[in-house]
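Here the structure is laid out as structure tokens; the discussion comes afterwards.
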Amino acid sequence: MKLPFSTFLREWLELVRFRSLPLDSRSIVFYAQDAGYWTYLEGIVRELTSDLNQQICYVTSKPDDPVMQWPDDRLLPFCI
């Protein structure tokens with residue numbers, strides 16, 4: 001299936017944004033193929049960001065993943 005150009009461009013810009021972060025800002029990275037992974041990763045993300053005050057990157061393949069609306073500044077979501 002061919003992606004629309006706007007989707008490709010948005011995902012490409014997200015990749016550029018992710019890659020432009022300093023390496024220390026990318027020390028903890030999670031990848032989720034779709035929103036179904038959030039069920040398993042939410043507790044870990046909460047523990048790392050809230051209790052341990054860690055910044056993490058969360059890369060997803062779906063723009064409707066709940067993590068894209070997560071209100072915590074210590075979580076940097078990317079849809080690639």
Side-chain angles (χ1 to χ4, degrees):
M1 178 156 91
K2 189 174 179 181
L3 285 177
F5 181 73
S6 61
T7 301
F8 171 78
L9 182 60
R10 183 193 72 231
E11 292 175 357
W12 178 259
L13 291 173
E14 284 285 283
L15 177 60
V16 169
R17 186 170 71 95
F18 175 75
R19 297 283 311 241
S20 69
L21 289 174
L23 283 177
D24 61 330
S25 294
R26 293 185 276 153
S27 63
I28 303 173
V29 178
F30 290 99
Y31 170 73
Q33 188 172 1
D34 58 38
Y37 288 81
W38 186 242
T39 302
Y40 305 103
L41 296 175
E42 182 180 8
I44 297 168
V45 168
R46 284 183 189 275
E47 181 76 22
L48 288 169
T49 57
S50 297
D51 298 341
L52 300 175
N53 200 31
Q54 296 291 310
Q55 179 177 317
I56 65 170
C57 295
Y58 192 101
V59 179
T60 182
S61 294
K62 298 292 182 181
D64 61 346
D65 194 312
V67 77
M68 298 303 289
Q69 305 303 320
W70 194 257
D72 192 332
D73 292 339
R74 292 172 299 237
L75 179 106
L76 302 175
F78 300 88
C79 182
I80 300 174

Discussion item. I need the minimum non-hydrogen distance between C79 and K62, along with the two atoms involved.
Written reply: SG-C, 3.6 Å
Fill in: Residues that Q55 engages under side-chain hydrogen bond (donor to acceptor under 3.5 Å, both in side chains), provided they are two or more places apart
none
Fill in: Closest approach of I80 to E14 (non-hydrogen atoms, all atoms of both residues)
CG1-CB, 3.9 Å
Item to complete: To the nearest 0.5 Å, tell me how far C57 SG sits from Y31 OH.
Response: 15.0 Å
Practice prompt. Decide if atom CG of D73 counts as having more than 12 heavy atoms of other residues, nucleotides or ligands within a radius under 6.0 Å.
Written response: no
Worksheet item: Can you check whether P66 reaches E42 side chain to side chain, under 4.5 Å on heavy atoms?
Response: no
Discussion item. Suppose we screen for salt bridge (Lys or Arg N to Asp or Glu O under 4.0 Å). Which residues come up paired with R74, at least two apart in sequence or across chains?
Written reply: D72
Response to the item:
One should read off an interatomic distance between L76 CG and I28 CD1, to the nearest 0.5 angstrom, of 11.0 Å
Item to complete: Return the minimal non-hydrogen interatomic distance between D34 and D65, and the atom names on each side.
Response: O-OD2, 3.5 Å
Practice prompt. Among F30, F78, W38, find the residue that satisfies the ring-ring contact (aromatic ring centres under 6.0 Å, His included) test when tested with W70.
Written response: W38
Worksheet item: Measuring from L52:CG to I44:CD1, what's the distance to the nearest 0.5 Å?
Response: 11.5 Å
Discussion item. Is the ring pair F8/F5 parallel, tilted or perpendicular, if the boundaries are 30 and 60 degrees?
Written reply: tilted
Worksheet item: Looking at side-chain heavy atoms only, is the closest gap between Q54 and E47 below 4.5 Å?
Response: no
Practice prompt. Say whether, by atom type as modelled, one donor and one acceptor occur between the side chain of R26 and the main chain of L21 under 3.5 angstrom.
Written response: yes
Fill in: Cluster link W12 to F18, ILVMFWY, side chain under 4.5 Å
yes
Discussion item. On a heavy-atom basis, which atom in M68 and which in P77 lie closest, and how many Å separate them?
Written reply: SD-CB, 3.7 Å
Item to complete: Spell out, yes or no, whether L48 and V67 are grouped together once hydrophobic residues are joined by side-chain heavy atoms under 4.5 Å, including indirect joins.
Response: yes
